Amino acid sequence: MVITLLNVGFCLGQADFGKYSEMELVLEEVPFQPDAKVVTLWEEANSYFVINGLSTDYHYRFKVLDDNHENFGDILIPYYRGKYNTEDISKIQAQVSYLENGSRKTFVLTKNEIKEVNLGGGEFQYVLVFPHVKKGSILELKYRKLDQEYGILEGWAFQKKYPALFSKYSFKAPDFFQYQMIMQGKQVAEAAEISERKNQYSWLRRDIPSLPNEPFIGNLLDYQERVDGYLFSSQYVSPNQSENSEIVYSSWSQLANAWLQVPDMNSYYFQSPESIPDYPTIKLDSLTKVEQAKKIYRYVVNEIKYLESSWIEPIYPLDILLKKKEGNSFDKNLLFLHLLRRSGFEANLVLINERYRGRTQLIPVPFINQFHDCVVLLNLEGNNILVDASDPNVPFGMLPIEKVRDRGFILEFDKGRLEDLTYTHRSGSIQMVSFESLSDGSMGFKSQIKFLDQEALAMSQYQKGIKDSVELLKKDQRFDRFEISNLTSLDQVESQRSFSIFFDAKLEEPKDELLYLTPFAFSRFFENPFVQNDRVLPVEFNYPFFENINASIPIPKGFELEDYPESVSITNPSKTIRFSYLINKVDDELKISSRLEFSTSVIPVSEYGDLKVLMETVSSKLKSPVILKKITFPNP
């Protein structure tokens, strides 16, 4: 397994590199988490200011408690060098202590096992490949990180994938800086040691369990025991001069103005097209405003190659971007913004804290580093819509799920602001199932599943990834229950925000004169996914959604209706989940419809018991068969 060290913490510790206590050497089981396969024996970081930025010394020590658990042993240290050496990693030390024939040996990693990799777009990472990783091995590493950005601290997570015996974090700033710390978790707050001037902080935590490994979790950052911090004042900035400060920003508007004046950003707003030899000519004559916006969008998404980058600024200024025809999300969305403005549209860049990378809730103070990505807020015929020009597989007016956020930072000169964002979608699926008698006398059915909005986008991107409908059959266990044929798909995400799949299925021969029909076998909740007795974290979906399934079952010649489920309609106490299952028998045909709707994307822990009980009923009802019985005709 690959471990990524995200440099999300700073602490001070006293463990000596390469010297292990008797407890560490003999440890075979974590007392407070006996099933753990890997344990963090010690993790620490000491963060302090030097002349050219914030320096942090890191020290990690892991022990493997099982045989090569998940191929544990490759550790990544990512950092952003950028154009100005924004971050740098140095003084890497690493070794592994392992058992061989009953004695302990040590292997010190060299340049052969420590490699620097250029990921492009200013992103780099060191890859540390530890050999001799097996039961009883102790992996240890130290390194130093220099960071020239110190307005918002990247934070420290005490709670991670593996349990920790010790986790220590310490941060010291000069007397003229004061930082505000955001502590998440009661035990974190209780362990804090804070100086009176709020420029020195330290925490020491012991016996920390790992993050719960539960399904249906959004961003674990929201639930970790952790601490984050930001610079909120400086003696060098008097209150009446705060609007002119380049250290501490007093308002979102001031921060927006400062950010828009960064040369590479500024080029997209003010650089003259006449000075750019490769400036594009996009013919927009005779097009409506909607058609114009879409044509500009298609140019950007198709002509500019996307480069993966986590830095919150463009890689290139406008002229270089148009020459190289490649860039990150900021490059592409800024070019889209530039071309829109040149064509008379009202539009602004919006910074967002991308899902799964940052806290769900923004820190309500004007600091740029809490944002990770961007979209464009476009006024189109009087309506504000959000557009992302990064990915050519995302149609105009739709957003990838990681960019669907409730709030964002609007970058507008003299009007920078934190503002609620509106992205309208109605995501879900509608399935039609029609049973029929086949030419060979057996029974089968035709099915169509139509996915809408975000569900459609996800299916479209999924199919583009596998590139083969046959692979869909192999990867989706729901298809294992039937003999499937004629599987096709229809991608209408761009035109109708829908994606449909069609297929035929053949049923097994009747058993003991009975034919069992399960029309809802393709529901995502045919099996109840909520089987835990208890829950530590809330249940999170990507968005509210619904699932409709409608089945028609004509009673074939030679059969009669033996049994079928009863209608039911239920909801949970908070009315956020509703399920209906309706039966309608007309002449020789049975019609069944089910609808399951989640009107919220988050189910709190306090409601998990209700969710589990309700979904047990849903799954049971969806599994209930319609039973047809062969009619035995008497001999004439």
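Everything numeric here is computed off the predicted structure, so don't read it as measured data.
Contact between V531 and Y608 at its shortest, heavy atoms only, is N-OH, 3.9 Å. Residue K403 comes nearest to S390 through the heavy atom pair NZ-OG, 3.3 Å, listed as atom of the first residue, atom of the second, then distance. The shortest non-hydrogen separation linking R405 to T360 is NH2-CA, 3.5 Å. When all heavy atoms are compared, the tightest approach of L27 to K63 is O-NZ, 2.9 Å.
No more than 12 heavy atoms of other residues, nucleotides or ligands lie within 6.0 Å of CG in D406, so this atom counts as exposed by the packing criterion. For NZ of K621, the number of neighbouring non-hydrogen atoms (other residues, nucleotides, ligands) closer than 6.0 Å is greater than 12. Remark: D35 CG is packed, more than 12 non-hydrogen atoms of other residues, nucleotides or ligands lying under 6.0 Å away. Residue R206 places its CZ atom among 12 or fewer non-hydrogen atoms of other residues, nucleotides or ligands, all under 6.0 Å distant.
Proximity of a side-chain donor or acceptor of W203 to a complementary backbone N or O of V188 within less than 3.5 Å is detected. Looking only at distances, no side-chain donor or acceptor of N328 sits under 3.5 Å from a matching main-chain atom of S309. The main-chain N or O of P604 is never found under 3.5 Å from a side-chain atom of E607 such that the two would form a donor-acceptor pair. Of the possible donor and acceptor atoms, none in the side chain of S601 sits under 3.5 Å from a partner among the backbone N and O of P544. Of the possible polar contacts, one joining the T571 side chain to the I577 backbone as a donor-acceptor pair under 3.5 Å is found. Side chain of Q431 to backbone of S447: no donor-acceptor contact under 3.5 angstrom is found. A donor-acceptor distance shorter than 3.5 angstrom exists from the side chain of Q184 to the backbone of Q224, with no hydrogens or angles considered. A donor-acceptor distance shorter than 3.5 angstrom exists from the side chain of N572 to the backbone of T576, with no hydrogens or angles considered. Of the possible donor and acceptor atoms, none in the side chain of Y543 sits under 3.5 Å from a partner among the backbone N and O of V404.
Side-chain contact of D147 with Y79: a donor-acceptor pair under 3.5 Å is absent, judged by distance alone. The closest side-chain donor-acceptor pair between S202 and S170, if any, does not fall under 3.5 angstrom.
Expressed to the nearest 0.5 Å, how far NZ of K37 lies from OG of S210 amounts to 12.0 Å. Between E43 atom CD and I208 atom CD1 the span is 6.5 Å, to the nearest 0.5 Å. Considering CG of D66 and CD of E28, their distance stands at 11.5 Å, rounded to 0.5 Å. For the atom pair NZ (K115) and CG (L76), the distance works out to 15.0 Å, reported to the nearest 0.5 Å. Atom CG of L65 and atom OG of S137 lie 10.5 Å apart (nearest 0.5 Å). Here CD1 of I217 is found 4.0 Å from CG of L537. Values are rounded to the nearest 0.5 Å.
R535 forms no cation-pi arrangement with F216, by the criterion of a distance under 6.0 Å to the ring centre and an angle within 45° of the ring axis.
Using a 4.0 Å cut-off between charged side-chain N and carboxylate O, E527 and K623 make a salt bridge. Ion pair D57/R144 flagged as a salt bridge, since at least one NZ, NE, NH1 or NH2 atom sits closer than 4.0 Å to an Asp/Glu carboxylate oxygen.
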Self-check item: Test salt bridge (Lys or Arg N to Asp or Glu O under 4.0 Å) applied to R426 and E597, step by step
Solution: CA-CA 11 Å; R426 180 70 172 146; E597 181 167 9; 3.0 Å; yes
Exercise. For E455 and S427, run side chain to side chain donor-acceptor pair (under 3.5 Å): C-alpha distance rounded to whole Å, both residues' side-chain angles, the deciding distance at 0.1 Å, then the answer.
Key: CA-CA 6 Å; E455 297 277 275; S427 300; over 6 Å; no
Practice problem: Give the C-alpha distance, both sets of side-chain angles, the deciding distance and a yes or no for ring-ring contact (aromatic ring centres under 6.0 Å, His included) between Y162 and F72. | Solution: CA-CA 12 Å; Y162 301 111; F72 179 85; 5.8 Å; yes
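With respect to R205, the side chain to side chain donor-acceptor pair (under 3.5 Å) criterion is satisfied by exactly one of Q159, E190, E225: E225. For the pairing with W42, the ring-ring contact (aromatic ring centres under 6.0 Å, His included) check across F166, Y60, F62 returns one residue only, F166. For the side chain to side chain contact (heavy atoms under 4.5 Å, CB included) test with N353, the passing option among R407, Q361, H372 is H372; the others fail. With S523 as the fixed residue, the side chain to side chain contact (heavy atoms under 4.5 Å, CB included) test singles out one of T518, V618, I549: I549.
The aromatic rings of F525 and F545 lie parallel to each other, their planes meeting at an angle below 30°, with 60° marking the opposite boundary.
Aromatic rings of Y201 and Y179 (six-membered ring for Trp) have centroids beyond the 6.0 Å cut-off, not under it.
Taking the ring pair (Phe, Tyr, Trp, His ring centres under 6.0 Å) definition, one finds that Y98 meets it with H132, sequence neighbours left out.
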